[in-house]
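Input: a single structure, listed below in structure tokens.
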Protein chains: 2
Amino acid sequence: MQSILENIAKHVALTPQEQELFLSKTETKPFKAKTILLSAGEVATCTYFVNSGILRSFNINDNIIEHVLHFACEGWWIGDMYSYISGKPGNLFLEVLEDAEVVIITKENQQQLYQEIPKLERFFRILAENSLVSHQERLMDNLSLTAEERFEKFCSKYPTLIQKVPQKHIASYIGVTPEFFSKMKARLLKK
Amino acid sequence: MQSILENIAKHVALTPQEQELFLSKTETKPFKAKTILLSAGEVATCTYFVNSGILRSFNINDNIIEHVLHFACEGWWIGDMYSYISGKPGNLFLEVLEDAEVVIITKENQQQLYQEIPKLERFFRILAENSLVSHQERLMDNLSLTAEERFEKFCSKYPTLIQKVPQKHIASYIGVTPEFFSKMKARLLKK
DNA sequence: AAGGGCACTTAACCTAGATTAAGAAATTAT
DNA sequence: ATAATTTCTTAATCTAGGTTAAGTGCCCTT
């Protein structure tokens, strides 16, 4: 299991004291599958780091159709960035897909940490930049690739997720209906 | 015209000396429309801030179809974040659409600035976070809205751009062909 | 001022993926 | 175990948006 400190150490070096301070501002909790950590309409007051298990963020259209924004498994960060930084009610739900242990950082604590350990500004800058790059790529993929190509890309990028999460969520992530996804999968298997 | 210093001042306060230092690490240049500042396959060594005029970033599929990632006009930042942070050849072109004045920061200079003015880590963190949020929103819009709804959203978000940039680029940005865009526009005008 | 590209429009036809519906398989709960 | 609920599959039908093609108008350039 990759710890949150190892995750930070990938980009900035914290002293033992800083590490301790950092951990003191976090809270680690277990959650059962199906738990909703955050609902649309609420203000996101925390950011989440996944120690183990799987989470997803998604929104709901017209009270019917879900769209998966993100999956997060071991070693990933997840949250509702819009609500978190704006302080306004968000559109995202955050759900546990597989029993998970999650490190929680409140916005208050994160602000304090920025004051006390300025290096963390760099860390979260790099995190945001990397996330931005992958969103840009996904956006361009959605504009230029077919559903089949997006699925293949998803498989090579997140090979472990395919076995673990219901395929309707993967369909939603790549932007097709579950029915079409099923048809497409059958077609690919014949090849 | 909004200066780059005012843009920074929105999020962090620099002292006069810091402001001077910052400007000394930048270069401001005029560019004629149609100039290509960066091509796919090149490594992006700079980030760009637009003083005036309009730029766009886009990629090209199979040597044929362009997809617009971004427009940038007065007061916006633009570049190829993937190539810039990875140091690898990128997929994006950066083109001037309307005669422009652009502030250029090289990666080297930006790294030095991070050392000398740590507050800039915060500024660029906030910049990346905001950009991330708008990419997430655009991604979800592409998954859940019709072309017509995306167009309406584009109009209310970037009212000035509609008059100024060729509509085929706007079609590309919202993710439809120029022909369909034209048809859709005619349909909307009838209402 | 003339001509050569672009940018835009229109229209006929086409297709990837959506929708609807019904049944089968797999999980979950009791 | 068994019932209940979800998830997945299959198939028929439909549509938003793509493709192809032809024509119009409008900047640019010289």
Side-chain angles (χ1 to χ4, degrees), chain A residues 32-36 53-54 56 58 60-68 71 93 95-99 141-155 161-191, chain B residues 32-36 54 56 58 60-68 71 95-99 141-155 161-191:
Chain A
K32 291 302 240 178
K34 297 191 180 174
T35 310
I36 300 288
I54 304 176
R56 70 164 176 142
F58 63 100
I60 298 185
N61 259 89
D62 307 323
N63 294 334
I64 304 176
I65 301 164
E66 294 182 4
H67 289 280
V68 174
F71 296 107
F93 294 81
E95 182 197 29
V96 180
L97 289 181
E98 199 178 68
D99 291 1
D141 286 350
N142 281 343
L143 292 179
S144 58
L145 303 182
T146 63
E148 213 167 298
E149 290 166 329
R150 276 176 274 143
F151 176 47
E152 276 162 3
K153 206 159 175 182
F154 182 89
C155 290
L161 277 178
I162 303 151
Q163 280 83 310
K164 291 187 180 170
V165 321
Q167 80 179 25
K168 63 173 183 166
H169 293 330
I170 296 173
S172 170
Y173 182 93
I174 69 170
V176 296
T177 59
E179 294 85 355
F180 182 76
F181 189 90
S182 182
K183 186 159 87 179
M184 181 174 75
K185 213 182 65 172
R187 199 167 58 211
L188 285 171
L189 283 174
K190 273 188 198 149
K191 289 185 186 171
Chain B
K32 291 301 238 178
K34 297 190 183 174
T35 309
I36 301 288
I54 304 176
R56 69 164 176 142
F58 63 99
I60 298 186
N61 257 89
D62 309 324
N63 294 334
I64 303 176
I65 303 163
E66 293 181 6
H67 289 279
V68 174
F71 296 107
E95 184 198 28
V96 179
L97 289 181
E98 199 178 68
D99 291 1
D141 286 350
N142 281 343
L143 292 178
S144 58
L145 303 182
T146 64
E148 213 166 295
E149 290 166 329
R150 276 176 273 142
F151 176 48
E152 276 161 4
K153 207 159 174 181
F154 182 89
C155 290
L161 277 179
I162 302 151
Q163 280 84 310
K164 290 187 180 172
V165 320
Q167 81 178 26
K168 64 173 184 167
H169 294 330
I170 295 172
S172 170
Y173 182 94
I174 70 169
V176 297
T177 58
E179 294 86 355
F180 182 75
F181 188 90
S182 182
K183 188 159 84 180
M184 181 174 75
K185 213 182 66 174
R187 199 167 58 212
L188 284 171
L189 283 174
K190 272 186 199 150
K191 289 185 186 172

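Keep in mind it's a predicted model, so treat the numbers as computed, not measured. Letters A, B, ... mirror the listed sequences (proteins, then strands); counts begin at 1. The figures here come from the full heavy-atom set of this structure, side chains too, leaving out hydrogens, waters and symmetry mates.
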Report summary line: For A:Ile170 and A:Val165, the nearest pair of non-hydrogen atoms, with its separation, is CG1-CG2, 3.6 Å
**Report entry** Heavy-atom protein contacts under 4.0 Å, nucleotides 15-30 of chain D, coded B base, S sugar-phosphate only, - none
**Finding:** --BBBBB---------
Query raised in the report: When you list every nucleotide of DNA chain C with an atom under 4.0 Å from a heavy atom of chain A, which one comes first 5' to 3', and which comes last?
Result: C:dG17 to C:dA21
Query - Listed partners of A:Phe181 passing ring-ring contact (aromatic ring centres under 6.0 Å, His included), at least two apart - result: A:Phe151
**Report entry** Minimum heavy-atom distance B:His67-A:Leu143, with the two atoms named
**Finding:** CE1-O, 3.2 Å
Report task. Specify the angle, to 10°, made by the local axes at the two ends of the helix from C:dA1-D:dT30 to C:dT30-D:dA1 when five pairs are taken at each end. Result -> 60°
Query raised in the report: So do the side chains of A:Asn142 and A:Arg150 get within less than 4.5 Å of each other, counting heavy atoms only?
Result: yes
Report task. Of all the heavy-atom pairs spanning A:Leu97 and A:Ala33, show the shortest one and how long it is. Result -> O-CB, 3.8 Å
Query raised in the report: What residues form a salt bridge (Lys or Arg N to Asp or Glu O under 4.0 Å) with B:Glu149, not counting sequence neighbours?
Result: none
Query raised in the report: For the residue pair A:Phe71 and A:His169, what are the closest heavy atoms and their distance?
Result: CZ-O, 3.6 Å
Report task. Only counting residues at least two apart or in another chain, list the ones meeting salt bridge (Lys or Arg N to Asp or Glu O under 4.0 Å) with B:Lys34. Result -> none
Requested in this report: Would you confirm whether B:Ser172, through its side chain, and B:Val68, through its main-chain N or O, come within 3.5 Å as a donor-acceptor pair?
Outcome: yes
Query raised in the report: Between B:Leu161 and B:Tyr173, is any pair of side-chain heavy atoms under 4.5 Å apart?
Result: no
